[in-house]
Amino acid sequence: MQDFTVNPWEVKGKVDYDKLIAQFGTQPITDELRERIRRDAGDLHVMLRRKVFFSHRDLESVLKDYEEGKGFFLYTGRAPSLGMHIGHLIPFIFTKWLQEKFKVNLYIEITDDEKFMRNPEYSLDDTRKWAYENILDIIAVGFDPNRTFIFQDTEYIRNMYPLAVKIAKKMTFSEVKATFGLDVSSNIGIIFYPALQIVPTMFERKRCLIPAGIDQDPYWRLQRDIAESLGFFKASQIHSKFLPPITGVEGKMSSSSPESAIYLTDDKDIVKRKVMKYAFSGGQPTVELHRRLGGNPEIDVPFQWLYYFFEEDDNRIEEIREDYKSGKILSGELKQILVDKLNDFLEDHRRKRDEAKDLVNTFKYDGKLARSMWEKLHE
Ligand code: TYM
């Protein structure tokens with residue numbers, strides 16, 4: 001019996017990412033491939049250096065198309081919820097870097113429909129309201145307003161519908177049922193929904209690269225079965241690991257247990273209280289023991305978070321690792337390093353989020369790419 005689960009709605013247990021690569025049939029990002037990205041991009045993002053983005057499909061083909069001047073485009077998305085947490089930003093922060101380095105178009109799907117249909121307790125008004133709020137957080141990451149189109153399914157559906165029905169006709173209920181664990185009592189909206197997550201992979205007749213958590217992979221497996229028969233490329237992906245919840249390195253940070261997540265709206269005191277009180281520590285029970293035996297950074301959540309991206313300096317992170325292992329840094333001190341980093345990050349984010357209010361229309365309707373997308377009917 002496997003002791004972890006990863007699917008689009010649930011991540012449980014301590015994920016073995018090597019096993020997941022074998023299970024999902026994806027490829028590891030090798031040192032050689034990382035060097036090729038470094039050559040093409042000019043440098044290497046911290047999440048690539050640290051193997052937060054660790055797996056892919058057909059990334060070589062995307063780089064080849066880029067190197068030959070054929071280009072490619074980026075696509076990612078978000079099912080809106082009441083509040084976004086730090087983990088949700090991982091694909092967006094990385095996608096921003098890709099867009100900056102490769103100067104390509106980016107499509108961001110906001111699935112107010114998916115969220116509504118999947119959760120009996122949410123109204124469509126709820127998910128639309130959250131869509132607006134989440135879009136502010138996404139814009140705050142800093143995408144190129146002329147090369148980015150953010151669209152909400154319930155608004156952009158008319159332009160997507162012809163392609164959606166062509167995709168839907170190629171997929172059977174039994175495939176979707178097996179892929180997503182649905183059954184005959186599932187509402188018919190959620191059975192159709194995968195077609196809508198696949199449509200944006202076909203927004204251009206170029207290769208599509210999808211940066212996202214590996215939980216979204218089942219959609220792309222379905223896409224790859226049918227894309228070529230519709231005259232499009234199989235979607236390429238680059239997959240990230242999950243930022244662990246604050247309470248321990250198992251599962252993923254998730255909105256369903258609020259004390260285990262740091263929300264983008266958490267103020268300085270809340271961040272400090274959550275980290276100090278709940279962060280799972282790899283340290284020893286007493287200071288004396290800790291000084292003697294040292295801590296274990298592999299299971300220490302504050303260290304893991306710093307490693308994922310909050311401490312970008314490679315020398316500094318290794319220094320912290322060694323000092324923690326030797327007992328020179330105490331658990332409380334390590335937590336404080338994280339609290340300071342988090343609060344700096346969040347303060348900056350909140351300022352940009354505020355400024356984003358003036359940019360919503362640009363990204364959704366009247367920026368250069370957005371305008372051209374509203375004129376297009378996808379077939
Ligand atoms: P959603 O809203 O569940 O998640 C949005 C993105 O965040 C990633 N993610 C995480 N990454 C790292 N650590 C975590 N703890 C963590 N939690 C979530 C997810 O992998 C995802 O990339 N159906 C989609 C919405 C969607 C989409 C897409 C996502 C539509 N089109 C294209 C990616 C690409 C959803 O429910 O995402």
Side-chain angles (χ1 to χ4, degrees), residues 6-12 15 17 20 24 47 50-55 57 73-95 98 106-119 122 127 130-131 133-135 137-138 141 149-154 156 160 164 179-180 190 193-203 208-223 235-257 260-264 301 304-305 308-310:
V6 174
N7 63 46
W9 359 107
E10 187 179 47
V11 176
K12 251 190 4 210
V15 183
Y17 287 103
L20 209 55
F24 283 10
M47 293 180 193
R50 310 263 171 93
K51 303 185 182 174
V52 172
F53 278 82
F54 72 108
S55 150
R57 272 204 183 97
F73 68 97
L74 292 164
Y75 160 45
T76 193
R78 161 85 181 129
S81 67
L82 181 54
M84 278 175 78
H85 58 61
I86 294 272
H88 289 131
L89 280 190
I90 287 192
F92 293 101
I93 291 171
F94 183 65
T95 302
L98 288 172
L106 160 65
Y107 303 95
I108 301 179
E109 178 173 51
I110 306 294
T111 58
D112 51 354
D113 52 348
E114 175 196 13
K115 197 68 173 196
F116 166 67
M117 293 187 294
R118 184 156 297 285
N119 296 279
Y122 300 153
T127 66
W130 300 335
E133 296 295 330
N134 289 189
I135 286 171
D137 285 309
I138 291 168
V141 172
F149 178 44
I150 302 180
F151 59 100
Q152 220 166 298
D153 282 349
T154 60
Y156 195 58
M160 296 195 284
T179 308
F180 297 101
I190 211 66
Y193 169 74
L196 282 176
Q197 184 153 333
I198 290 173
V199 169
T201 66
M202 303 175 187
F203 273 179
C208 169
L209 175 63
I210 307 167
I214 196 163
D215 56 325
Q216 299 298 309
D217 190 69
Y219 291 100
W220 321 132
R221 291 203 289 266
L222 291 177
Q223 193 274 2
S236 302
Q237 300 112 58
I238 181 158
H239 303 117
S240 78
K241 297 178 183 169
F242 304 104
L243 186 72
I246 204 148
T247 41
V249 287
E250 296 200 348
K252 66 164 180 178
M253 182 184 282
S254 150
S255 311
S256 33
S257 50
S260 78
I262 299 286
Y263 290 94
L264 301 177
V301 172
Q304 290 299 320
W305 280 32
Y308 262 60
F309 71 105
F310 284 108

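Both counts, for ligands and for their atoms, begin at 1 and track the order of listing.
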Close approach of Y193 to ligand 1, heavy atoms, under 4.0 angstrom: yes
Side chain or backbone of A212 under 4.0 Å from ligand 1, or both, or neither, by non-hydrogen atoms? both
If you draw the axis of the six-membered ring of F309, does the NZ or CZ of R50 fall within 45° of it and under 6.0 Å from the ring centre? no
Which residue and atom name correspond to the protein heavy atom nearest atom 11 (N) of ligand 1, and how close is it? G87 O, 3.3 Å
Could an N or O of ligand 1 be found under 3.5 Å from any N or O of Y219, whether backbone or side chain? no
Verify, without hydrogens or angle tests, whether E114 (side chain) and A79 (backbone) share a donor-acceptor contact under 3.5 angstrom. no
Using distance alone, determine whether T111 and ligand 1 share an N or O pair under 3.5 Å. no
At a 4.0 Å cut-off, with the gap strictly under it, does some heavy atom of P91 reach an atom of ligand 1? yes
Atoms in ligand 1 flagged as close to H88, the criterion being non-hydrogen separation under 4.0 Å: 17 (N), 18 (C)
Quick one: sort the Y17 and F242 rings into parallel, tilted or perpendicular, breaks at 30° and 60°. tilted
To the closest 0.5 Å, what do you measure between CZ (F116) and CD1 (I190)? 10.5 Å
With a cutoff of 4.0 Å, is F94 in contact with ligand 1, counting heavy atoms of the residue only? no
Under 4.0 Å from a heavy atom of A79: which atoms of ligand 1 are those, numbered in the order shown and with their elements? 1 (P), 2 (O), 25 (C), 35 (C), 36 (O), 37 (O)
Proximal atoms of ligand 1 relative to R78 (non-hydrogen, under 4.0 Å): 1 (P), 2 (O), 25 (C), 26 (C)
Establish, yes or no, whether a centroid distance under 6.0 Å links the rings of Y107 and Y156. no
For atom 5 (C) of ligand 1, the protein heavy atom that lies nearest, with its residue and separation: G77 O, 3.5 Å
Decide whether an N or O pair under 3.5 Å exists between H85 and ligand 1. no
Distance col, row N134:CG vs I150:CD1, nearest 0.5 angstrom, shows 10.5 Å
Which residue supplies the protein heavy atom nearest to atom 13 (N) of ligand 1, what is that atom called, and how far is it? L243 N, 2.9 Å
For residues F94 and F53, establish whether the separation of their ring centroids is below 6.0 Å. yes
What about T76: any of its N or O atoms under 3.5 Å from an N or O on ligand 1? no
Whether K241 lies under 4.0 Å from ligand 1, heavy atom: yes
